[in-house]
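Worksheet: the structure to be examined is printed underneath.
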Amino acid sequence: MKVLVTGANGYVGAQICRYLSQQGFRVSGLCYPQIPDNKDWQSGFEELFMCDVRDTEELKKIAERQFEAIVHLVSLDHHQSNGEPAFVSSVNVTPTWNLLDIFSKNGLKKFLYFSTIHVYGKNLNGVITEDYPINCANPYALTHYLSENICRYYGQNSDVSCVVARLSNSYGPPVFPDNNCWWLVVNDLCRSAVKDKKIVLQSDGSPLRDFIHGRDVCQAVKILLEKGENNMTYHISSGNIYSILELAEKVQAVYFQRTKEEISITCHCGLDLQSPQKARYKIDNSALKTLGFEPEYTLEKGIKMLIKNVLQ
Ligand SMILES: NC(=O)c1ccc[n+]([C@@H]2O[C@H](COP(=O)([O-])OP(=O)(O)OC[C@H]3O[C@@H](n4cnc5c(N)ncnc54)[C@H](O)[C@@H]3O)[C@@H](O)[C@H]2O)c1
């Protein structure tokens, strides 16, 4: 399958491109603001384009290559998405429409859009399936939901099969050291353990999260490209929930196993560390599992590999 990945140089994109290429896909990548200077990574691509996704003339030229599928990963992050609405939507929303408009006229068959579980808001309860009520609580979630709706429109009104993936919280070593990923909580805690010899939490440790390793995200993308159904939404999640304190304790234990050094866990704000105060919810991934997805990384396995990576 001939695939174009947007956001190819990003944290998730760089891993997906490498994986899809290893799996025999014909991968091209759209990078911005530059193409990473890494010959090994570059060798997995048919073509690499340096392109601002807001530049429709450039997109039209790229579309002449006739891609069968697009994996669309361009978005500003949570903080950047709080900027001016005109700018934020010009990156997070309008390109989804432009890509579908332009590439659907050039043979596109499948469009895989990366969204987020943030579209459900904060107060999650019980089993969260893909039809759980939407409750966007910030511009990052809102713009992802707007793009999801553009996909739905094209899924209904064009020949392109549009699939939405709502990702939970990915983690794991980046392909490039400058990838925007060290603030992600698992990555942050593993790096603090190794570099600072302590873990300082930004909260009291009680918030609950679903963490999924980058390699499992890659497996999910392959499955969704091959088997994802038109106008279906799929969670890419591990299906397991941990509190931030439980995560920190796992990082602490793995670090001790490896180095025999004890490290402390404290709270940045001086609060007492807390166990979860709310009932555990679950980001249900059974829709993806029915297509053959099975996560390979437990949180312990992922932390072990990440700590090994940071120690190197
Ligand atoms: N990482 C996670 O855990 C996570 C969780 C949920 C959803 N997501 C979503 O997955 C997608 C990928 O996330 P990521 O973690 O790789 O983020 P990232 O910030 O590393 O990647 C975003 C990519 O968009 C590119 N980009 C930004 N502006 C651009 C422009 N004007 N033109 C072209 N490219 C531009 C960046 O260069 C980068 O390659 C995003 O949509 C993100 O919201 C990620």
Side-chain angles (χ1 to χ4, degrees), residues 4-19 28-36 41 48-59 62 70-83 86-96 98-99 111-120 136 138-148 150-151 163-188 209-218 220-221 224 233-238 283 285 297 302 306:
L4 176 68
V5 178
T6 71
N9 57 314
Y11 174 56
V12 173
Q15 298 174 66
I16 288 174
C17 289
R18 186 174 57 188
Y19 179 85
S28 292
L30 193 146
C31 300
Y32 181 81
Q34 59 203 17
I35 297 173
W41 181 75
L48 277 165
F49 308 100
M50 206 301 283
C51 174
D52 186 331
V53 77
R54 292 168 294 177
D55 184 342
T56 48
E57 291 313 309
E58 213 38 54
L59 291 181
I62 295 171
I70 290 180
V71 182
H72 184 37
L73 292 157
V74 170
S75 162
L76 302 171
D77 67 20
H78 298 65
H79 301 294
Q80 296 161 337
S81 295
N82 290 328
F87 169 66
V88 174
S89 53
S90 78
V91 179
N92 290 10
V93 184
T94 311
T96 310
N98 281 327
L99 285 165
F111 190 84
L112 174 55
Y113 178 69
F114 254 69
S115 183
T116 167
I117 55 156
H118 284 270
V119 296
Y120 302 121
C136 298
N138 54 50
Y140 173 75
L142 173 64
T143 53
H144 270 301
Y145 190 56
L146 291 170
S147 273
E148 286 190 16
I150 294 169
C151 294
V163 178
V164 169
R166 291 187 186 140
L167 177 59
S168 60
N169 301 279
S170 83
Y171 72 96
V175 173
F176 302 116
D178 64 347
N179 277 147
N180 179 16
C181 72
W182 289 108
W183 57 273
L184 296 169
V185 63
V186 183
N187 292 1
D188 178 31
R209 299 277 182 278
D210 177 299
F211 303 110
I212 178 157
H213 194 272
R215 185 78 180 186
D216 287 330
V217 176
C218 292
V221 168
L224 290 177
T233 300
Y234 299 88
H235 288 152
I236 302 184
S237 67
S238 68
I283 308 291
N285 58 9
Y297 283 77
L306 189 51

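Sequence positions, counted from 1, serve as the residue numbers for this chain. Atoms within each ligand, like the ligands themselves, are counted from 1 in listed order. On a predicted model such as this, the values are computed, not experimentally measured, just so you know.
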Would you say Asp77 contacts ligand 1, with heavy atoms under 4.0 Å as the rule? no
Closest non-hydrogen protein atom to atom 40 (C) of ligand 1, residue and atom name please, with distance? Leu73 O, 3.5 Å
Going by the 4.0 angstrom heavy-atom rule, the piece of Val91 near ligand 1 is side chain
Is the closest side-chain heavy-atom distance between Tyr297 and Ser238 below 4.5 Å? no
Any protein heavy atom nearer than 4.0 Å to atom 26 (N) of ligand 1: yes
Applying a heavy-atom cut-off of 4.0 Å, say which part of Cys51 lies close to ligand 1: side chain, backbone, both or neither. backbone
Value for OG (Ser75) from CG (Asn92), rounded to nearest 0.5 Å, stands at 4.0 Å
Donor-acceptor under 3.5 Å (Asn285 side chain, Ile236 main chain): no
Considering only the protein, which heavy-atom contact is closest to atom 23 (C) of ligand 1, and what is its distance? Gly7 CA, 3.8 Å
Is any side-chain heavy atom of Arg54 closer than 4.5 Å to a side-chain heavy atom of Phe87? yes
Would you check whether Ser170 has a nitrogen or oxygen atom less than 3.5 angstrom from a nitrogen or oxygen atom of ligand 1? yes
Side chain of Trp41, backbone of Pro36: donor and acceptor closer than 3.5 Å? no
Atoms in ligand 1 with a heavy atom of Asp52 nearer than 4.0 Å: 30 (C), 31 (N), 32 (N)
Mind checking whether Arg54 contacts ligand 1 via backbone (N, CA, C, O), side chain (CB onward), both or neither, at a 4.0 Å heavy-atom cut-off? side chain
State the CZ-CZ distance between Arg215 and Arg18, to the nearest 0.5 angstrom. 7.5 Å
Any N/O pair Asn169/ligand 1 closer than 3.5 Å: no
Please report which non-hydrogen protein atom sits nearest to atom 24 (O) of ligand 1, along with the residue it belongs to and the distance in Å to one decimal place. Val74 CA, 3.5 Å
Ligand 1 to Ser168, heavy atom cutoff 4.0 Å, flagged ligand atoms 5 (C), 6 (C)
Ligand 1 and Val53, any nitrogen or oxygen pair closer than 3.5 angstrom? yes
So, taking the atom named CZ in Arg166 and the one named OG1 in Thr233, what distance separates them when rounded to the nearest 0.5 Å? 4.5 Å
Below 3.5 Å, N or O to N or O, backbone or side chain included: is there any such pair between Tyr11 and ligand 1? yes
Heavy-atom nearest neighbour in the protein, as seen from atom 44 (C) of ligand 1, with distance rounded to 0.1 Å: Leu167 CD2, 3.6 Å
Sub-6.0 Å ring centroid separation between Tyr171 and His213: yes
Look at ligand 1 and say whether Cys31 reaches it with a heavy atom at a distance under 4.0 Å. no
Pairs of nitrogen or oxygen atoms closer than 3.5 Å, one from Gly10 and one from ligand 1: do any exist? yes
Taking atom 10 (O) of ligand 1 as the reference point, the nearest protein heavy atom with its distance: Phe114 CD2, 3.8 Å
Honestly, for Ser115 the part within reach of ligand 1 (heavy atoms, under 4.0 Å) is backbone
Any N/O pair Val12/ligand 1 closer than 3.5 Å: yes
Are Leu146 and Ser89 packed together at the side-chain level, in the sense that at least one heavy-atom pair is separated by less than 4.5 angstrom? no
Main-chain N/O of Ile283 paired to Ser237 side chain as donor or acceptor, under 3.5 Å: yes
Taking the side chain from Asn179 and the backbone from Phe176, do they hold a donor-acceptor pair closer than 3.5 Å? yes
Considering Tyr32, Phe49, Tyr113 one by one, which has a heavy atom nearer to atom 33 (C) of ligand 1 than any of the others? Tyr32
Using the side chain to side chain contact (heavy atoms under 4.5 Å, CB included) rule, take Cys31 and Leu48 through it: C-alpha gap first, then chi angles, then the decisive distance, then the call. CA-CA 7 Å; Cys31 300; Leu48 277 165; 3.8 Å; yes
With rounding to the nearest 0.5 angstrom, report the CD1 to CZ distance, Ile117 to Arg209. 8.0 Å
Has His118 got any heavy atom lying under 4.0 angstrom from an atom of ligand 1? no
Protein heavy atom at shortest distance from atom 9 (C) of ligand 1: Tyr140 OH, 3.9 Å
Counting only N and O atoms by type, is there a donor-acceptor contact under 3.5 Å from the side chain of Asn9 to the main-chain atoms of Tyr32? yes
If you count the atoms of ligand 1 from 1 in the order shown, which ones are under 4.0 Å from a heavy atom of Asn180? 19 (O)
